[in-house]
Every structure is written in C-alpha cells, then in structure tokens.
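See below for the structure under consideration.
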Amino acid sequence: MTDAAVARIRNFSIIAHIDHGKSTLADRLLQQTGTVSDRDMKAQFLDSMDLERERGITIKLQAARMNYRAQDGQEYVLNLIDTPGHVDFSYEVSRSLAACEGALLVVDASQGVEAQTLANVYLALEHDLEIIPVLNKVDLPGAEPDRVKQEIEEIIGLDCSQAILASAKEGIGINEILESIVLLVPPPPDQTRQPLRALIFDSYYDSYRGVIVYFRVMDGAVRRKDRVRLMASGKEYEIDELGVLSPQQVEVEELHAGEVGYFAASIKSVEDARVGDTITLVKEPAEKPLPGYVEAKPMVFCGLFPTDSEQYEDLREALDKLRLNDAALQYEPETSSAMGFGFRCGFLGLLHMEIVQERLEREYNLDLITTAPSVVYQVTTIKGEVLEIDNPCELPDPQYREKIEEPYVRVDIITPEEFVGPLMELCQTRRGEFANMKYLTPGRTTLIYELPLAEIVTDFFDQMKSRTRGYASMEYQLIGYRPNPLVRLDIMIHGDPVDPLATIVHRDKAYYVGKALTEKLKELIPRHQFKIPVQAAIGSRVVASESIPALRKDVLAKCYGGDISRKKKLLQKQAKGKKRLKSIGTVDVPQEAFMAVLKLQ
Amino acid sequence: MPFTTSEHRLSPSALSATAQAPRSAYVHIPFCRRRCFYCDFPISVIGQRRRGETSGTIAQYVDGLVQEIRATPRLNAAPLQTVFFGGGTPSLLSTDQLAQILQALDNRFGIAAPAEISMEMDPGTFDLSHIQGYRRLGVSRVSLGVQAFQDELLAACGRFHRTADVYQAVELLEQASVPSVSLDLISGLPHQSWADWVDSLERAIALSPQHLSVYDLTIEPQTPFGRSLQPGARPLPTEAATVAMYRQAQRQLTAAGYNHYEISNYAQPGHRCQHNLTYWHNQPFYGFGMGAASYTQHQRLSRPRTLRLYREWVAAYVAGGGILDCPPTPPWEQVLDGLMVGLRLAEGMGLRSVAAVYGWAGLELLQDCLRPYIEKGWLVLDNAGQNAGELIPSTRLRLTDPEGFLMSNQVIADMFNALTPVAPTV
C-alpha cells in the first residue's frame, strides 16, 4: 500500500456547518470507493463517539484512506482528514487543514454560508488549499443553488461556476466530487528525500496500545521500528505499529511524504503527542519543526464538585482518564467551604466544557455539581503584581487591586438582515462595542462586535439563536485584554457566603444581576422547613435580597384508585429532584442553582 | 393485610401469589351539570336541565358500561364486597340506569349481601324518589359533595348548589335512612377565612354524618383555578393558613368523636369507607367507565378520558374478549405503590412486602433514611426490632397526625430514593 506514487495522492478535508451534511457525504465517499462495504456501513462512520452521533457533530476528528480508480484509468489514494465542526476546536481544525492540499466546501443549498464555515474557509485559504464548492441537499424542495452560489462568490470570492450540485443523502453528485478531487486538488510536493517531518493532526488514547497518533508525512519517510522524536515535547519513542486508516487501522511497513497514517509507540498520554507537534527521526532529525504548533490554552473555567463527597476520588480518576485523551483539559483540586472537595477545570470553550461534563456523568457515572463558567481575569495588585484569576472567589479584595482586565473577543455574526436590530440590542446589553457591519448579499449581513468573553460564555449563543429563530451563526476569536470596572458579587444563602455562586460582573450591572440572581435562586432552591434568606452582596454591602418561605406542608390531599399512577409519578419526580441536591450548611441546593447566573433574563 | 406469613422473606413470586383477587368495583359516572373551577377529573358537562331520565348521552354511556362489565373476566369466586359510584355526579343517574349497572355487576361478579355500595351525590341533583330508588337497589353509603357552608365560597369555586341545598339533601338522606353518610369539605378555597372554616366544620358536625372527607384544595394546572390562581397568593389563603385549617379540622373532628383514619378522612366507629381502604391497602379492584382506573392481576389501567375515546375503547375491549393490553406492575413497583398509599393511613403499614421484595438490605436502607423523620416526630415505628429503631419485617411504620401527615411526601420521596439502589434491574 505504501507504493502510492506521490503524484497520485490527494489529501483533502471537508468544511461544512453543523447539519449541512458533512458526515453523510463522508459516508457516501467511503461507500462509493468501496472502502467500506454497504453492509458495514453504520450511519456516519466517522463520528465514532456516541456523544458525537447523538449530537450530530464531530468532536474528535478521524481520517480515512480511500483507493479510487479515476476516469483516466489510474488508481489514486484519497485521504480524507475530518475536521471538528465547532469554534472551540479551531486549532485542531487548522492542523487538519495544514495536513491537506484541498478541501470540499459543503454548503446546504437551502441555507447558505454560515459564520463557522466562513471562519474555516479563511483558515483553508491561509493554508493555500484548493477549495471545491459543493452545494448539498439540492434534492430538497427549498434548495436554491443559484442564490447560494452567488452568496459563496460574493462572501468568499470563490468561483462557483464549477460548483458541484450534490445530495449526499440521495447519492447525487458523488462521482463528480471524487473526479474533482483527483483533477483539482494538487498532489503533495515530492519531498521524500528530505529528513522526516510529519504533522500530528489528532491523537487518542487506547488502553491497550497507548496513544494512537494520526499524522501526515510532510517530508521524508517513516518505517516501523524507527526511533522518532516529537520536536515540541522532546520525547522519543520507538514505533511499535505503523499503519493507514481505511478507515479501520491496517498495518504497513512504511509511509512516505504525502501519505496519511497512524502509529502507536506506547505513549502514555496524549499530552506527550499533542496536535500540531512535528515527528522526526532521532538518527536523522529535521532542522526545524513544521510551523504552527501552539499549546492549547483553556479559555473557560468552572468548578466541578461531586454531589456525593465520597465520589471525589472517582472524579479525580475520571479526569485523569479523560486527560489521557484530551490534552486541552486542565484541572486542579479546589476546596470550597460550601461544596467540599472538587476541581477547578479549564476548557477550550463552552462546548468543550459541556462535553467533558457529559462524559463524566455518562461514562463514569458521576453526579456532579458544575459552577457557572468563568473566564481568566488579569488582576494587577497595588504592589504591581499581575495575577491570573479564573475563580471569582480568588479575586483579591478591592483595597488590594489596582485594576482588573478581562478578555475580549471579536464576534462575527452572519444573519438575515431583519434580525440585525435584535442582535445589536443583544450585543449592547452584553457590553458589546460595535465594530463593523457588512452587507454580504441582498438580505444577509455580517455583524461584527467586540465583546467581553465573559458575556459570551453565558447564554449568548442561545440568545442569539432564539432572537433570530435559529438563522444566525457566529464565530469568535480572542483579541486581547481590556481594563473594566469589575466587582465580585457574592451570594449568601441563609447567611453563609456560597463561593461557587460568586461571580465577577461589571459594576453597572451588579445591582441588576444581584436582583435577578436572588430571584432565580428563590425559584430554584426548594423550600425547607425554615425561612431562608438569599442575598447578593458586593463586599459587605447587600445589593439584593429575597427570602424562600418555609415549607409547612407537603402532602397529597387526595389519593384514590384512579390517582395512584399519576401521583406516583409526581412523587418519583420529587424523589429524583431530592437526589440531585447538594447540602450547603443546612440548606439543600439543586445543581441548577449553580448555573442560575446563566439563566438570567 | 395481603402479606400474612410468618416467613420473613418471601420471594417476589410468592408475594404475587398472596395478592388477593378483586373484591371491589369502581364505576365512573362522568356527567356533571357544569365543571367546578378546581376540578381536573374526567367529566362530561351536560347542562342543568337534563338528568339520566332525559339524557340520551347518559343512556348511551350506561349501555357502554354494561358492555364493559359483561366483557370483563371474573377473577374471584367470592362476590363483590364494595361497589363505588364516583364521578362526575352519579346522582344524575335514573334509578333504572343504576339498576342496569348493578344488575350487570351482580350477573358478572356477584354482589355480596350486604355489600358496601357507595354513591357520590351532589346537593340539588336528586329528590326523595331518587334516593329511595337507589336505596332499594342496595345503596348503603352516600358521599355528599358539600364543600363549604358559605354561598359566596360555593359560587367562587363554580359549584352549582347553595347551602340550602345541602340541608335539604341531608334531610332527604335521613328520610331515606341511608345508613352511612359522608360529607366532603374543602379547605383552602379562594376567599375562605378562618371563621368560614370553623363554621363549616361546626355545621358539618351538627349534621352528625357518619363520615367526613376533608380536602385541602389542590390547584391543578389544567383547571380554571390553575390558570387564574397562584398557590398561597390572594384570594387564596396563605399556606400557613391552610395548614392551620388542616390542624383545626383534626382537632375539631377528633373532639367530636371522629377517628382521623386517613390523611383526609374521618369516620365514626364502624364507618370507614371499605371501598377506599381497598386502595390504601393496595389491593386489587375492578374499574369501569370513562377515565376509570382498575387494578387487576397487577395490571393498572386507566381508561380513556373522553366519551368518544372510551366508547371506542369499549368496542375494542369487547371485540378483543376482555383482555387488558397493559404490562403488569413488577413486584418492586408494587412495593413502592404500597408505601405511597399505605402511609396515608393512621394505622400505617407493615414492612413484610418490602422485606419480601427488597430483602433485609432494603430494610436497612429505609432505616437510615427514616431516622431523621423519627427524630423529628413525623414517623413512629410499632413493633421495631430489638435495637431501638431497627426495622424488621413485622415492624409497622406510621406517620404521626398531623405533623407526619402534613409532610408525608417528603418521607415517601426519601423512601423511594432509599430503595432505588436495591431495586431489581430486570
């Protein structure tokens, strides 16, 4: 298999918005080339995590090698390198794209270009990729290929006269796509005689073989039993197993420049073989690593606490295991007087956070309390020290602070024109600063705002979707830190401050947030047999106060034959709710309360 | 009690085998002159002028009921001990219609002599000839929907009758010498004051019924009250006020010689509602009619809640030869049902069924979760094990009156949670 002539290799990826049909198209390509038999085809082959298949999104990317006999009679090797479709993972996307010479730009012919797609297309253009536009779902009654073509031409400046009309679901246009890949995507440059340089674009942990590294050979060649060095981590390993992905792993003896494959070398953690790192040979090392390596830096932080304190060790083990496979996940022990022992965790973004939480609960069977997400603040003390604070309760008291700076992002929102008003209003209420507005095509607009990241990590995305009936899409990137008059808002329940409910807010919004938060908590915390005051305070000054009245009765007045099933359901629901409570002093608080700050209107 | 073996542990199959065959039948008569503002029962409004004698809808419904009864397999050689006509407003039935239904029940299952035959009746819906007719057919117990003794309160909750109708109805029941009369009262009604409540209790006691049902008003979501009222907010009494009303009923009725035998029920000696005890002892019962529930051979089935769907259901049921298409309640769920209903009774419930299905491990888990409630004085153990507070199969749990009753959901919900880890996962 490794005798593939470099001239007949094509490496490509697929750029698409969620739901525009990327996974279905990938499946179709695998089937058409006979890589996966129809019998073995389970829907959406490339999304192998259950979570991915359920949510219909790709989180961990994968790759597949296909053999294709083109119309010119020649046999070609097509390597599809999948990309995750979410903004949290844009670094991974950029590494995948760096491993390709071309990309299919898949756009839903009934929808049009979305912000995330746009961001990835720009990334692809930066890497000099040949881009082949594909209009998917042309079989749907609402398809408007001409409008969408025009949109792609005007927004991206990509010639769409040759755009392929396809329906992955119906198998329309698949041959044309394969032929275009062969004809339009350039073969990799022939660098086989150079010292080895291979780019890691993904890795995952396998409990039997250690880390499995997915890579693209850029220069030179690599053989089984070779001793390799990972240039960024500096670690050295002997390759136990080398192979290609078709898409199941098939062992080979050698891979040369232009090829895509995997290796296993008893590597203990994905941290040691990070995405973007360069593989070279120990005995004949390359001079310089491939460009573009960056260490993943968490942007969003939250506290994770087990509901049952006896699960603390289980939580540690589960995080250790997840980390084997997720170099971007960071965590350190955190103790809170209210919550007991837990961990402060850092994530690439909100989706990454949700995925980790869900996996901990689902795969490791843990009951967790998650605190509201926070960003990293840079605090300059009066002594001139600069502290990085990712946990609101660690914010130094005002008398010790010179200033607080918070991370800002540039947000690009693509929206139908009629929603511009509501979106501007949303951005204004989130302390946004208007940067620019562009009319893309008649009816579609890009709105650009600069916003504090803290305002994005709450429910911004949901709000944007609901204000635009789901039509808008967004993308953001970090643009730096800016000073703001920020304060810490503490929450006291029954007189005791509850650390995990503390938030950092803008001074002008503190009263409003405090009021809304205490009202929300009053709604969420079940009544107890005593009255419970809930207060919001800045320092010692109480800015808002509510009280949860005492519970004096909890009884079903009537329960006869016909009621038993229904009343039992009610009681079981109540029982389930009681299970998810965390005791804070004498008050039992439900999980939702810790996320209340995200749900303020 | 269903579980009366001296063995501490019964296998789940043994538990099922000890369950009795049904001795009770519930018959739902869904017709009402109008819908009360708090009501979320399956009913059908027929207006104020018609009754059984003049309503084709009722006649047609009775036909369907009779068909359902005829198609239902007899599961017990012994005849029915109790029959309960609930509604709706069963007193809208003509004597003939009641006769048809009772005849069908007797033909199919047999009705013991004497049997407790209860009927819910609304003041102002019947005259002496009706009640005398019902009596001749064997009706031995009447539950009268009084609700309040203040006309403005009755009007505010959408009731049709007024206080004068109540007095007249009670007199008719007396004239027909109904052996057991129960009055329904509701506390926590909109605009109801403390004085109104004490007055209602006094007037009810003065009529010396054999039985009283006293319900704290529940605001159900799909009702006019559910749409217009916020629990605890005006014009409803505060929660504290409704709790005080509950306590007051307990004091006043107990002092008048009534036994508080269930969360919302009071009886003079010998006048507990045998039919309702079937439910609270989690024993099987037949059920007939629109929206009616039945519990036979461990199958709990609720019938369709509209006349049309019920009619269609009966047709299919008859055509299918009287087979119920629903899964049986598994033993561990039966135990949870048993706890939920059994703890409503002042006598409480024994733990043999828990031990039989969940084993000693189940008893230990319950023991831990119940400790705080015993300390609070909400729960009492009778016949505990040798060590204080130890649960054994012969132990009985009782909620205290009124503290334990008022917080019963808290206790039951915790017991559900305690038993979850040992619930069989088959």
Side-chain angles (χ1 to χ4, degrees), chain A residues 306-311 314 361-362 365-367 519 522-532 546-591, chain B residues 24 26 28 41-42 84 86 186-188 213-218 232 238-240 242-244 246 262-264 275-276 278-280 282 285 287 291-295 300-303 329 333 336-337 340-341 344 376 399 402 404-418 420:
Chain A
T307 313
D308 175 359
S309 55
E310 284 178 20
Q311 282 192 330
D314 297 343
E361 299 212 331
R362 246 197 244 194
N365 229 346
L366 298 164
D367 268 337
E519 278 168 12
K522 180 183 174 185
E523 200 179 291
L524 291 172
I525 297 172
R527 292 193 293 156
H528 287 54
Q529 283 167 271
F530 43 88
K531 185 174 158 185
I532 305 167
E546 286 285 337
S547 89
I548 301 168
L551 175 71
R552 297 162 200 272
K553 66 172 180 190
D554 188 3
V555 53
L556 300 171
K558 278 190 175 192
C559 188
Y560 296 96
D563 305 320
I564 291 173
S565 305
R566 196 167 61 94
K567 299 283 161 74
K568 187 163 114 194
K569 276 197 195 109
L570 289 177
L571 276 168
Q572 281 174 322
K573 198 173 157 212
Q574 185 178 356
K576 226 174 158 189
K578 285 188 92 170
K579 245 191 190 165
R580 304 266 303 167
L581 297 175
K582 176 87 185 169
S583 296
I584 293 185
T586 50
V587 179
D588 293 333
V589 178
Q591 146 87 52
Chain B
S24 299
Y26 175 81
H28 193 70
F41 271 49
F84 194 107
I186 302 179
S187 61
S213 297
V214 179
Y215 300 114
D216 179 30
L217 179 69
T218 308
T238 62
E239 185 176 282
T242 63
V243 169
Y246 185 87
E262 193 259 2
I263 285 175
S264 303
H275 183 86
N276 289 338
T278 305
Y279 303 142
W280 299 322
N282 201 26
F285 55 92
S294 60
Y295 183 45
R300 227 178 252 289
L301 180 84
S302 291
R303 282 151 190 72
T329 311
E333 291 284 344
L336 300 184
D337 292 349
M340 179 181 90
V341 291
R344 300 185 65 81
K376 281 183 185 160
L399 288 167
F405 279 166
L406 278 167
M407 289 293 181
S408 50
N409 287 353
Q410 296 272 319
V411 181
I412 296 166
D414 273 356
M415 290 171 82
F416 279 11
N417 280 338
T420 317

At a cut-off of 3.5 Å, what donor and acceptor atoms pair up between chain A and chain B?
residue : atom : partner : partner atom : Å
A/R527  : NH1  : B/E239  : OE1          : 2.9
A/R527  : NH1  : B/E239  : OE2          : 3.0
A/R527  : NH2  : B/E239  : OE1          : 2.5
A/Q529  : OE1  : B/K376  : NZ           : 3.1
A/R552  : N    : B/E239  : OE2          : 2.9
A/K553  : NZ   : B/D216  : OD1          : 3.4
A/K553  : NZ   : B/D216  : OD2          : 2.4
A/K553  : NZ   : B/T242  : OG1          : 2.9
A/D554  : N    : B/L406  : O            : 2.6
A/D554  : O    : B/S408  : N            : 3.3
A/D554  : O    : B/N409  : N            : 2.9
A/D554  : OD1  : B/N409  : ND2          : 3.0
A/D554  : OD2  : B/Q410  : NE2          : 2.9
A/L556  : O    : B/R344  : NH1          : 3.0
A/L556  : O    : B/R344  : NH2          : 2.9
A/A557  : O    : B/S264  : OG           : 2.6
A/A557  : O    : B/R344  : NH2          : 3.0
A/C559  : O    : B/W280  : NE1          : 2.8
A/Y560  : OH   : B/Y215  : OH           : 2.5
A/Y560  : OH   : B/N265  : ND2          : 3.2
A/K568  : NZ   : B/E333  : OE1          : 2.6
A/K568  : NZ   : B/D337  : OD1          : 2.6
A/A575  : O    : B/N417  : ND2          : 2.7
A/K578  : NZ   : B/Y373  : OH           : 3.4
A/K578  : NZ   : B/Q410  : O            : 3.3
A/K578  : NZ   : B/Q410  : OE1          : 3.3
A/K578  : NZ   : B/D414  : OD1          : 3.1
A/K578  : NZ   : B/D414  : OD2          : 3.3

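In terms of non-hydrogen atom pairs under 4.5 Å with chain B, the most contact-rich of A/G562, A/A550, A/A575 is A/A575.
Both the backbone and the side chain of A/L551 have a heavy atom closer than 4.5 Å to some heavy atom of chain B. For chain A, the nearby parts of B/A240 are the backbone and the side chain; heavy atoms of each come within less than 4.5 Å. Heavy-atom distances place both the backbone and the side chain of B/M407 under 4.5 Å from chain A.
Listed here is the closest heavy atom pair of A/G561 and B/A293: O-CB, 3.8 Å.
The local environment of CZ in B/F41 is sparse, with at most 12 non-hydrogen atoms from other residues, nucleotides or ligands closer than 6.0 Å.
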